[in-house]
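Chain letters run A, B, ... following the sequence lines, proteins first, then strands; residues in each count from 1. Atoms considered below: every heavy atom in the structure, side chains included; atoms not considered: hydrogens, waters and symmetry mates.
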Amino acid sequence: MKIVREKITDLDLEHTFDCGQCFRWNREADGSYTGVAFGRVINIVLKEDKLTIDHTTDEEFDQIWIPYFDLTRDYGKIMGELAAADETMKEAIVYGRGLRILQQDKWETLISFIISQNNNILRIKKCIETLCENFGAYAGEYHGKKYYAMPSFDVLANLTLEDLASCKLGYRANYILETAKLVAADGGRTLESTGAMTTEDALAYLLSLSGVGPKVANCILLFSMGKDESFPIDVWIKRVMNRFYQIEEKDMKKMQDFAVETFGVYGGIAQQYLFYYIRSNPC
DNA sequence: AGCCAGGCCCAAC
DNA sequence: GTTGGGCATGGC
């Protein structure tokens with residue numbers, strides 16, 4: 001069934017899906033997007049302020065898609081506050097207006113960003129897609145195409161490197177097996193409870209997993225655990241920090257401090273506008 | 001062909 | 001505690 005909601009503001013699906021925070025949404029010929037999240041397949045389109053989601057229900061919209069798209073939060077206010085911080089941020093917001101930080105599934109985000117390391121976005125998407133098709137639960141069919149969810153930690157914990165070879169994950173395959181075993185050891189309870197932890201504790205837990213360092217951990221904190229102040233620093237953010245804020249590319253500590261001082265509790269959201277801006281306008 | 005990609009691990013200082 | 005080499009794979 002199809003649901004419609006009007007008066008949706010400060011949302012741009014292209015910016016939200018293409019800013020590098022998620023990997024499983026694809027644009028259709030008609031401009032709508034189809035993707036899988038939380039085990040559901042939906043097709044979504046926004047025309048003016050009218051949001052239409054196909055293949056869902058009123059109940060699922062309330063329980064899954066409102067939190068997923070972060071629709072209860074006032075991004076107009078957030079953008080206003082960040083834009084007042086400085087001129088670069090202001091330009092980045094003009095460019096990426098409507099970008100919202102999705103609240104994604106923790107396990108899927110964890111695996112996705114382990115795969116993301118030293119990798120490019122196109123290939124990250126292919127790796128994730130293959131992993132889901134080969135080992136994920138069937139999530140449904142939309143317009144003749146079948147979709148599969150991210151395989152659970154129980155499934156991945158029982159695979160071998162040979163099983164994963166077909167996914168072409170490279171050296172990351174072992175990280176995924178090790179992390180799946182660690183998460184499955186307590187039935188995923190620690191991972192699920194991270195949202196209620198302090199950011200510091202959640203970060204420490206993530207860093208204890210295999211293939212998760214500071215950058216990947218901060219992405220997971222921001223994109224799935226509601227830790228808005230988390231400021232992931234990758235090669236692109238280093239370039240932003242160097243080009244626009246005159247911080248040396250190796251000085252991560254100074255970048256972190258700068259983010260806290262300048263962007264405060266919305267550091268991660270600011271980071272995402274900057275990432276999207278610099279990637280779309282490289283040098 | 002060689003460099004790069006939303007970095008991390010581990011050994012050597 | 002910090003630094004640097006190595007790392008699978010494929011797009012450009």
The reported gap from SG in Cys127(A) to CD1 in Ile115(A) (rounded to nearest 0.5 angstrom) is 6.0 Å
Does a nitrogen or oxygen in the side chain of Lys250(A) sit under 4.0 Å from OP1 or OP2 of dT2(C)?
no
Rounded to whole Å, CE of Met252(A) lies from C1' of dG7(B) at a distance of 9 Å
Arg123(A) atom CZ is separated from dG6(B) atom P, nearest whole Å, by 11 Å
Asp234(A) atom CG is separated from dC4(B) atom C1', nearest whole Å, by 13 Å
> Centroid-to-centroid, Phe135(A) to Tyr148(A), below 6.0 Å?
Replying inline: no
One thing to verify: whether Glu60(A) and Arg40(A) come together as a salt bridge, which I'm taking to mean a side-chain N less than 4.0 angstrom from a carboxylate O. yes
Whole-Å distance, Phe275(A) CZ to dG6(B) C1', equals 5 Å
> Is Lys90(A) paired with Asp86(A) through a side-chain N to carboxylate O contact shorter than 4.0 Å?
Replying inline: no
Gap in Å between the two C1' atoms, one belonging to dG6(C) and one to dA5(B), rounded
16 Å
Asn120(A) atom CG is separated from dA8(C) atom C1', nearest whole Å, by 13 Å
Residues pairing under side-chain hydrogen bond (donor to acceptor under 3.5 Å, both in side chains) where one sits in residues 95-109 of chain A, two or more places apart or in two chains, turn out to be Tyr95(A)-Ser280(A)
Check: Do Asp70(A) and Arg73(A) sit within salt-bridge range, that is, some charged N less than 4.0 Å from a carboxylate O?
Finding: yes
Whole-Å distance, Ile233(A) CD1 to dA5(B) C1', equals 18 Å
Whole-Å distance, Ile121(A) CD1 to dG7(B) C1', equals 14 Å
Per atom distances to the Gln272(A) side chain, the nearest of dG6(B), dC7(C), dT9(C) is dG6(B)
Self-check item: P spacing across the pair dA11(B) / dA8(C), given as an integer number of angstrom
Solution: 15 Å
message: Between Asp58(A) and Arg5(A), does any side-chain N to carboxylate O distance fall below 4.0 Å?
response: yes
- prompt: Cys167(A) near the nucleic acid: base, sugar-phosphate alone, or nothing, with a heavy-atom cut-off under 4.0 Å?
  reply: nothing
Glu81(A) and Tyr266(A): side chain donor to acceptor below 3.5 Å | no
Exercise. How far does the P atom of dG6(B) sit from the matching atom of dG5(C), given to the nearest Å?
Worked result: 23 Å
From the list Tyr142(A), Phe69(A), Phe17(A), Trp25(A), ring-ring contact (aromatic ring centres under 6.0 Å, His included) with Tyr33(A) holds only for Phe17(A)
In numerical order, the residues of residues 171-186 of chain A whose heavy atoms come under 4.0 Å of DNA chain C are Tyr171(A), Arg172(A)
Per the under-4.0 Å heavy-atom filter, residues of residues 215-225 of chain A near DNA chain B come out as Lys215(A), Val216(A), Phe223(A)
Leu161(A) CG to dT9(C) P, in whole Å, measures 11 Å
5'-most contact on DNA chain B (nearest-nucleotide basis), Gln271(A) vs Leu209(A), goes to Gln271(A)
Note to self: The test is ring pair (Phe, Tyr, Trp, His ring centres under 6.0 Å); show your working for Tyr138(A) and Tyr147(A) and say whether it passes.
What the structure shows: CA-CA 6 Å; Tyr138(A) 178 59; Tyr147(A) 290 85; 9.2 Å; no
Please work out if Gly211(A) contacts a base, only the sugar-phosphate, or nothing of the nucleic acid, heavy-atom cut-off 4.0 Å. sugar-phosphate
